[in-house]
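Notes for the one structure printed next.
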Amino acid sequence: MTTDTITQAKPAPDDASRAGLIRWIVTAGGLATIASTFTAWTYTDAFPGDLTVYGYPGGLQVLTLVAGALVVLYGLASLGVKGLGWLAPAGTTKALRFLALGAFATTWFTTIAIAWQLEGLVNLEPGAFVASVASAVPLAAFALADDTRKAARPKELPSWAEILLIVAAFAVGMYVVTYGIDTEYAELFTGYLITVGFAVGGLIKSGLTARLSGLTTKYRQVTVIAAFAAAIAFPFTQNTDTYTLIAVNILIFATVALGLNIVVGLAGLLDLGYVAFLGVGAYTAALVSGSTASAFDVHFPFWAAVLTGAVVSLIFGVVIGAPTLRLRGDYLAIVTLGFGEIFRIAMGNLDGVSGPQITNGPNGVPNIPDLEFFGYDFGESHTVFGIELGSYANYYLLMLLAMALVIVVFSRAGSSRIGRAWVAIREDETAATAMGINGFRVKLIAFALGATLAGLAGTVQAHVQHTVVPEMYQFAGPVPPNSAFLLAAVILGGMGTVTGPLLGATLLYMIPAKLQFLQDYQLLGFGLALILLMRFRPEGLIANRRAQLEYHETDQLDVPDKGLTGPGVGITKAGA
């Protein structure tokens, strides 16, 4: 079909001059915001980050400086400065609004936090007031008219330049993630979330992320290599194991979320007790890895413990799934929730009093030894390329390999014949059954595969934590992963995708870990986040094309003209 090209009427001279003046004001406001970060914002170092120094930004001032720099860059791009047009393939106005709002929100959060924590505006230095006013100036971007001209086709770059862009993007992304993990106090992490959130929104509105997505699709192998190279580099940037442990737990959480994504995202089965399979793998590894508290006097090598945990989780998945997967919807959710609670209670009762002495009851299985693989002790520090890596760095690299395996399994399974059957069952089980798909068998395979991947992650988790207790595997609790966290990670990140659950798991682990005061309000926060997400982005933070078409009926999609469509005709959910 042919689509109507959105054109922009030639602006009147006065309108053009007004728009140009606003862009200059926005850019000047960004420069003033940057300059304000080199002044003192408070006279006392009682507020974390030491914002008392002139000439050297510190703490939250660095985030304000970054936000102001983004405003300046896109402000100059909107003024047509040569060499900056690539920043905004889809236009600069919407991006400027997001970035201006981000600089304003970060700066005002900092000044309000100083006044609140130090009990009074009197604790603010003049630099803080200058920063507050300067960060409000770029909000003039909201007076600009939207970019209505059709985006120009990006200039073709040599292959080596496009590959360098991909590598640079992953390097920057890894630095941003590392900065968030390494934040030392709640105020800095909150400002980090504000800055990164608005910056990502601005980059999306500018069309830069869409262009980068096109490059990553074009160079898929380079993208995979760059992603894992950036991830492998993380432990080499750490001086202690404090933040490496957080990264290890994030990888465990994300790996289990990917396994749940097969069950929920591909097959459409609402499993509220999935964390029990993680517990099955962890308990199995704890009992066969030579723990002094184990009821079995055995010590399997690493590979045997991993296989045992995965196989036992697979058996539990089949045993639990066989009688329950004939149920649908809410009934299946209730049964799986019951299984998760039964597992936790059963592990607490196998203490030699209420039941056989197997799991040591509520005390769990402590003293789980560190892994040892071909003489490589994961509990000891090792020097690699002249850099000393602690014990948690070893587990980090191990979990990175486990995640790579899970990603390969998820990707291959999702694009296979059985994967297409899962999607068919998810969309309409009755129609899929009528087309000859054995719904029960297909769902059982998804359930068993998801359980196996969770058990695989559980075997590593047991050795990282060095202990396994029943309270670690409940429906909802203060510490992830639990079933509520896992399901929220899949839904918030984007069901049926690889990167969606990874992002969701990262956010849902880091936020409680960094903002300890929110632990009592986690479920309230989840509820509010889900409500907002379902209102503004029901397909998740990162969604595939199918989900976007299902949730957003639009008349601006370019679809082939088959005689049934035309300008102004949208793709509905049925047509998708």
Main-chain N/O of A103 paired to T106 side chain as donor or acceptor, under 3.5 Å
no
Check: L87 main-chain N/O paired with Y74 side-chain donor or acceptor under 3.5 Å:
yes
Short question: side chain of Y509, backbone of L251 - any donor-acceptor pair under 3.5 Å?
no
What I want to check is whether the side chains of D182 and Q238 have a donor and an acceptor closer together than 3.5 Å.
yes
Kindly determine whether T110 and Q61 satisfy side-chain contact (heavy atoms from CB on, under 4.5 Å), including the steps that lead there.
CA-CA 8 Å; T110 305; Q61 289 177 322; 5.9 Å; no
Kindly give the heavy-atom pair with the smallest separation between L508 and F485, and that separation in Å.
O-CE2, 3.3 Å
Heavy-atom pair with the smallest gap, counting every atom of S78 and T92:
CB-OG1, 3.2 Å
Checking the side chain of T223 only, and the main-chain atoms of T216 only, is there a donor and an acceptor separated by less than 3.5 Å?
yes
Between I204 and F98, does a side-chain contact (heavy atoms from CB on, under 4.5 Å) hold up when you go through it step by step?
CA-CA 10 Å; I204 292 174; F98 262 89; over 6 Å; no
Test your reading of the model: is there a side-chain donor-acceptor pair from T52 to the backbone of T42, 3.5 Å cut-off?
no
Would the distance check show the side chain of T107 and the main-chain N or O of F104 forming a donor-acceptor pair, the cut-off being under 3.5 Å?
no
Taking D271 for its side chain and V263 for its backbone only, find out whether a donor-acceptor pair lies under 3.5 Å.
no
Ignoring hydrogens, what is the shortest heavy-atom contact between M399 and V460? Give both atom names and the distance.
SD-CG1, 3.4 Å
Taking the side chain as everything from C-beta on, heavy atoms only, tell me whether Y243 gets closer than 4.5 Å to T178.
no
For atom OH of Y56, is the number of surrounding heavy atoms from other residues, nucleotides or ligands below 6.0 Å larger than 12?
no
Looking only at heavy atoms, what is the nearest atom pair of P89 and L208, with distance?
CD-N, 3.8 Å
Using only atom types and a distance under 3.5 Å, with no angle test, would you say the side chain of Q117 pairs donor to acceptor with the backbone of I114?
no
Taking all non-hydrogen atoms of both residues, which atom of F228 and which atom of L400 are closest, and how far apart?
CE2-O, 4.1 Å
Between G191 and F109, which heavy-atom pair has the shortest distance, and what is it?
N-CE2, 3.8 Å
Checking N123 side chain against A115 main chain: does a donor-acceptor pair fall under 3.5 Å?
no
T39 side chain to S36 backbone, donor-acceptor under 3.5 Å
yes
All salt bridge (charged side-chain N to carboxylate O under 4.0 Å, His left out) counterparts of E187, not counting sequence neighbours
none
Are T64 and T37 close enough that a side-chain donor and a side-chain acceptor fall under 3.5 Å?
no
Candidates I246, N249, V248 - the one meeting side chain to side chain contact (heavy atoms under 4.5 Å, CB included) with Y396:
V248
Is the OH atom of Y185 crowded by more than 12 outside heavy atoms at less than 6.0 Å?
yes
